Amino acid sequence: MNAKEQAKILIEALPNIQEYHGETIVIKYGGNAMIDEELKKAVIQDILLLHLVGIHVVLIHGGGPDISAMLSKTNTESHFENGLRVTSREAMDIVQMVLCGKVNKDLVNLLDGKGIGLSGIDGGLFRAVPYKDETNTDYGYVGEIINVDPKIVQDLITQGYIPVISSVAAGMHENATYNINADTAASQLARALHAKKLILLTDVPGLMRDPKDPSTLITRLKVSQVPSLVMAGIISGGMIPKVDCCVESVRQGVQRANIQDGRVPHSILIEILSDEGIGTMFY
Ligand code: ADP
Ligand code: MG
């Protein structure tokens, strides 16, 4: 590519930069896109670039594969029920060590001195109670966020940092820590921050009519159309909380929510700075 072509590409991004300048974008990162070092580098480069053009990026991460690895290394029992990791006191210690320690600081370290690592415990950011559903299963220290205080995150943004947040919460009523689904934490934080956009990076192209057929990707979806898709049984497994999070955040003022493929290099830049977009956009 010659210099003229390069300049043309940069200038094409100008309207998008203007649209998002000074606005907040919450990005949830986890799973496969976080294991692969090359992809991780691309995600971090995207975040740095957005930050440097004046977009306020907040990164929330999970770390399922790292947690599983450490649980088995330390012979700590844990199993899944209804798609959730039943988390004992001992398992919660490992979750906290891995998420708030290893995974969080490794991401911060990649952000070239611009990142500040926090957990949902810091500054009273997330308060949770034990998660309950209609099956009455005891999930242990799996939590449901019932209060968000975004002040610490707003302060860091104001001071020019990129907040990097692990999805762990403090107990609302007792001195305990809880393991929180990172999609849910991202959605709740996006709402509390009045973010313009929520991006959930995952390991599929987006919401598909047939999960086995990428050509059935739904590229745009009005939140009012979601209930009919749920009725049709199109949404299942880990996609259920993701879609719920997108619907809830858009209903509560986040302008757009996107589920997109974190395995595509620079998928964040494609979504924010190009006119094409990627994945499924909820509006
Ligand atoms: P993450 O680690 O990103 O949270 P999850 O495994 O929790 O990923 O959720 C994504 C998964 O949801 C996909 O890998 C896919 O198997 C499943 N899924 C269920 N229904 C759909 C659908 N309609 N379209 C796309 N993915 C779906
Ligand atoms: Mg999930």
Side-chain angles (χ1 to χ4, degrees), residues 26-36 39-40 42-43 46 59-71 78-87 95 98-99 103-104 107 120 131 133 139 142-145 165-169 178-190 198-223 225-249 257-265 267-268 271 277-282:
V26 175
I27 299 173
K28 182 260 177 162
Y29 186 34
N32 280 328
M34 210 158 78
I35 301 171
D36 184 301
L39 283 174
K40 199 168 175 178
V43 167
D46 288 7
L59 187 61
I60 296 207
H61 65 87
D66 288 289
I67 292 169
S68 299
M70 190 53 80
L71 286 170
S78 114
H79 61 280
F80 283 86
E81 261 177 70
N82 309 314
L84 292 171
R85 187 195 301 281
V86 176
T87 308
V95 168
V98 171
L99 283 188
V103 178
N104 188 270
L107 286 170
Y131 176 79
D133 62 16
Y139 295 102
V142 173
E144 179 180 345
I145 297 175
I165 300 161
S166 55
S167 58
V168 169
Y178 288 93
N179 184 11
I180 310 288
N181 174 287
D183 293 320
T184 316
S187 159
Q188 298 241 30
L189 185 59
L198 169 68
I199 293 181
L200 303 177
L201 295 177
T202 186
D203 59 358
V204 287
L207 179 61
M208 295 174 280
R209 287 188 186 278
D210 173 2
K212 288 182 238 35
D213 181 0
S215 73
T216 64
L217 174 72
I218 301 168
T219 55
R220 296 166 62 89
L221 192 56
K222 263 204 171 81
V223 294
Q225 295 174 315
V226 170
S228 67
L229 293 181
V230 174
M231 298 281 261
I234 282 167
I235 306 166
S236 67
M239 201 40 81
I240 296 171
K242 260 185 234 307
V243 170
D244 283 348
C245 287
C246 290
V247 170
E248 255 336 279
S249 46
N258 224 58
I259 298 177
Q260 64 185 65
D261 200 338
R263 300 167 307 174
V264 174
S267 76
I268 300 171
E271 175 57 26
I278 189 169
T280 305
M281 183 187 82
F282 294 78

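Whatever order the structure lists ligands and atoms in, that order sets their numbers, starting from 1. Quick caveat, the model's predicted, so the values are computed rather than measured. Start at 1 with the first residue, then count along the sequence.
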### Query
Got a donor-acceptor contact below 3.5 angstrom from the S249 side chain to the C245 backbone?
yes
### Query
Going by the order shown, which atoms of ligand 1 are within less than 4.0 Å of some heavy atom of G206?
24 (N), 25 (C)
### Query
Is a side-chain N or O of S167 found less than 3.5 angstrom from the main chain of G62, in a donor-acceptor match?
no
### Message
We want to know whether E248 and S187 form a side-chain donor-acceptor pair, criterion being a heavy-atom distance below 3.5 angstrom.
### Response
no
### Task
Show which atoms of ligand 1 fall inside a sub-4.0 Å distance from at least one heavy-atom site of I234.
20 (N), 22 (C), 23 (N)
### Query
Between N181 and Y131, is a side-chain contact (heavy atoms from CB on, under 4.5 Å) present by the stated rule, with each step listed?
CA-CA 10 Å; N181 174 287; Y131 176 79; over 6 Å; no
### G62 to ligand 1, any heavy atom closer than 4.0 Å
no
#### Entry: D203 neighbourhood, listing ligand 1 atoms whose heavy-atom distance to it stays under 4.0 Å
14 (O)
### Task
Please identify which atoms of ligand 1 are closer than 4.0 Å to at least one heavy atom of M208.
22 (C), 23 (N), 24 (N), 25 (C)
### Task
Starting from the C-alpha separation in whole Å, work towards a yes-or-no answer on side-chain contact (heavy atoms from CB on, under 4.5 Å) for R263 and D36.
CA-CA 9 Å; R263 300 167 307 174; D36 184 301; over 6 Å; no
### Message
Tell me whether N258 contacts the main-chain N or O of I278 through its side chain, where contact means a donor paired with an acceptor under 3.5 Å.
### Response
yes
### Task
Taking only heavy atoms of T202 into account, list the atoms of ligand 1 that are under 4.0 Å away from them.
1 (P), 3 (O), 8 (O), 10 (C)
### Message
Under 4.0 Å, counting heavy atoms only: does S236 come that close to any atom of ligand 1?
### Response
yes
### Query
Does some side-chain heavy atom of V103 sit less than 4.5 Å from a side-chain heavy atom of I67?
no
#### Entry: For ligand 1, the portion of K212 having any non-hydrogen atom under 4.0 Å away
neither
### Query
Does I218 offer a backbone N or O that forms a donor-acceptor pair with the side chain of T280 under 3.5 Å?
yes
### Task
Could you list the atoms of ligand 1 found under 4.0 angstrom from a heavy atom of L207?
22 (C), 23 (N), 24 (N)
### Query
Can D133 and Y139 be counted as having a side-chain donor-acceptor contact under 3.5 angstrom?
yes
### Task
Using non-hydrogen atoms of the residue, decide whether R209 is closer than 4.0 angstrom to ligand 1.
no
### For D183, atoms of ligand 1 separated by under 4.0 Å from a heavy atom
4 (O)
### Task
Could you see which bit of L200 sits under 4.0 Å from ligand 1, with heavy atoms only: side chain, backbone, both or neither?
neither
### Distance-only N or O hit between ligand 1 and P211, under 3.5 Å
no
### Query
Quick one: does ligand 1 sit under 4.0 Å from the side chain of V204, the backbone, both or neither, non-hydrogen atoms only?
side chain
